[in-house]
Engineer: 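Questions regarding the structure given below will be posed in turn.
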Amino acid sequence: MAELESPEAAMPRVITFLSSLLGRVAESNDVNRRFETQKISVFHGLTRPTISVQSYLQRIFKYANCSSSCFVVAYVYLDRFTQSQPLLPINSFNVHRLLITSVMVSAKFMDDLYYNNAYYAKVGGISTTEMNLLELDFLFGLSFQLNVTPTTFHTYCSYLQRDMLLHSPPLDTPRSLKLHHCFNEDEPTHQKELAV
């Protein structure tokens, strides 16, 4: 996990890595929305939030006082949730609510000290009632499977690092289509590929 923390800055690199990945996935799914059936859920906003995914994650990091590990586990939860809900891909209408919910659930499971739902709702810019509903829907979507093994944790950390290297602008060559790997703990290879 030390590799995902930036020693010179207070903001861990996991925030940058995760926001970059989720931003690309949301944009890709926004484009694909015209061609694929997608379910509307409690996580969907009526409009796209004006705050970027990176700024939103930085806000959560600043005010929620979660450990860096909490954000990696939140990523694991997001991946599990979207695998169990194939008609509910991450897009720009739901990414913010999915993020605040996954981070809150992760903090409650991982960290010794965490805030209540009302505090997370305020950080996320939603009502406490909505936060409670999102948490409940998210937990049922995960089938309450919150444990993350050390192997799975390190696999996701490695993926975030590798993804950032792959999507960093190259010095001399034009950017080409990359593959996004989703990990499925039930499959022996732990990955399935989606074009981003």
Engineer: Quick one: does S28's side chain have a donor or acceptor within less than 3.5 Å of a partner on R24's backbone?
Structural biologist: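 No; judged by distance alone, with no hydrogens or angles, the pair does not exist.
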Engineer: Between T152 and T149, is there a side-chain donor-acceptor contact under 3.5 Å, judged purely by atom types and distance?
Structural biologist: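 Yes, a side-chain donor-acceptor pair sits under 3.5 Å.
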Engineer: Is the backbone N or O of L88 less than 3.5 Å from a side-chain atom of N94, with the two atoms forming a donor-acceptor pair by type?
Structural biologist: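 No, N94 side chain to L88 backbone: no donor-acceptor pair under 3.5 Å.
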Engineer: When rounded to the nearest 0.5 angstrom, what is the spacing between CD1 in I60 and CG in N65?
Structural biologist: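 With rounding to 0.5 Å, CD1 (I60) is 12.5 Å from CG (N65).
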Engineer: So which atom in V72 and which in V14 form the shortest heavy-atom distance, rounded to 0.1 Å?
Structural biologist: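 Where V72 meets V14 most closely, the heavy atoms are CG2-CG2, 3.7 Å.
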Engineer: Hey, mind stepping through L21 and Y75 against side-chain contact (heavy atoms from CB on, under 4.5 Å) and telling me if it holds?
Structural biologist: CA-CA 10 Å; L21 171 68; Y75 172 43; 3.3 Å; yes
Engineer: Applying side chain to side chain contact (heavy atoms under 4.5 Å, CB included), name anything that partners Q54, two or more places apart in sequence or on another chain.
Structural biologist: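 Scan of Q54 (side chain to side chain contact (heavy atoms under 4.5 Å, CB included), adjacent residues dropped) gives T16, S19, S52, Q58.
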Engineer: Can you name the side-chain hydrogen bond (donor to acceptor under 3.5 Å, both in side chains) partners of N117, sequence neighbours left out?
Structural biologist: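 side-chain hydrogen bond (donor to acceptor under 3.5 Å, both in side chains) list for N117, sorted by chain: K108, N132, E135.
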Engineer: Quick one, M110 with V148, criterion side-chain contact (heavy atoms from CB on, under 4.5 Å). Give me CA distance, side-chain angles, the key distance, then yes/no.
Structural biologist: CA-CA 10 Å; M110 295 287 298; V148 175; 5.9 Å; no
Engineer: Sequence neighbours excluded, which residues qualify as side-chain hydrogen bond (donor to acceptor under 3.5 Å, both in side chains) partners of K122?
Structural biologist: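 So K122 forms no side-chain hydrogen bond (donor to acceptor under 3.5 Å, both in side chains) with any residue.
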Engineer: Quick one: pull up CG in L22 and CG in L57 and give me the separation to the nearest 0.5 Å.
Structural biologist: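 Reported to 0.5 Å precision, the distance equals 7.0 Å.
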Engineer: How many angstroms lie between atom CE of M131 and atom OH of Y120, to the nearest 0.5 angstrom?
Structural biologist: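 OH of Y120 is found 9.5 Å from CE of M131.
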Engineer: What's the separation between atom CG in L133 and atom OG1 in T128, rounded to the nearest 0.5 Å?
Structural biologist: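 Spacing of CG (L133) from OG1 (T128) equals 12.5 Å.
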Engineer: List for me each residue that meets ring pair (Phe, Tyr, Trp, His ring centres under 6.0 Å) alongside F81, sequence neighbours excluded, and say none if there are none.
Structural biologist: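 For F81, the residues satisfying ring pair (Phe, Tyr, Trp, His ring centres under 6.0 Å) (neighbours in sequence not counted) are F43, F138.
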Engineer: List the atom of C66, the atom of F61, and the distance in Å for their closest heavy-atom pair.
Structural biologist: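 Looks like O-CE1, 4.0 Å.
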Engineer: How close do L134 and I126 get, heavy atom to heavy atom, and via which atoms?
Structural biologist: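 Taking L134 first and I126 second, the nearest heavy atoms are CD1-CD1, 3.6 Å.
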Engineer: Give a yes or no on whether the backbone of S67 and the side-chain of D111 come within a donor-acceptor separation of less than 3.5 Å.
Structural biologist: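 Yes; judged by distance alone, with no hydrogens or angles, the pair exists.
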Engineer: Got a sec, which pairs hit salt bridge (Lys or Arg N to Asp or Glu O under 4.0 Å) with one end in residues 85-99, sequence neighbours left out?
Structural biologist: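 Qualifying pairs: R97-E130.
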Engineer: Residues two or more places apart in sequence or in another chain: which of them pass side chain to side chain contact (heavy atoms under 4.5 Å, CB included) with A74?
Structural biologist: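 Side chain to side chain contact (heavy atoms under 4.5 Å, CB included) check on A74 returns S102, V103, S106.
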Engineer: Taking atom OH of Y114 as the centre, does the number of heavy atoms from other residues, nucleotides or ligands within less than 6.0 Å exceed 12?
Structural biologist: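 Open: at most 12 neighbouring heavy atoms sit under 6.0 Å from OH of Y114.
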Engineer: Drop me the distance from Y77's OH to M104's CE, to the nearest 0.5 angstrom.
Structural biologist: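 Reported to 0.5 Å precision, the distance equals 11.5 Å.
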Engineer: Supply the atom-to-atom distance F71 CZ to S69 OG, rounded to the nearest 0.5 angstrom.
Structural biologist: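 Reported to 0.5 Å precision, the distance equals 10.5 Å.
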Engineer: Would a distance-only check, ignoring hydrogens and angles, find a side-chain to backbone donor-acceptor pair under 3.5 Å from R59 to G124?
Structural biologist: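 No; zero donor-acceptor contacts below 3.5 Å.
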Engineer: Do you know which two heavy atoms are closest between P49 and S92, and how far apart they sit?
Structural biologist: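 That closest heavy-atom pairing would be CD-O, 3.4 Å.
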Engineer: Holding to side chain to side chain contact (heavy atoms under 4.5 Å, CB included), I want the full list of residues that pass it with L136, two or more places apart in sequence or in another chain.
Structural biologist: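 Scan of L136 (side chain to side chain contact (heavy atoms under 4.5 Å, CB included), adjacent residues dropped) gives F140.
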Engineer: Check L146 against R80 and note the closest heavy-atom contact, atom names and distance.
Structural biologist: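 Distance-wise, the nearest heavy atoms are C-NH1, 4.0 Å.
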Engineer: Among residues at least two apart in sequence or on other chains, which ones pass ring pair (Phe, Tyr, Trp, His ring centres under 6.0 Å) with Y119?
Structural biologist: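 Expected list: Y115.
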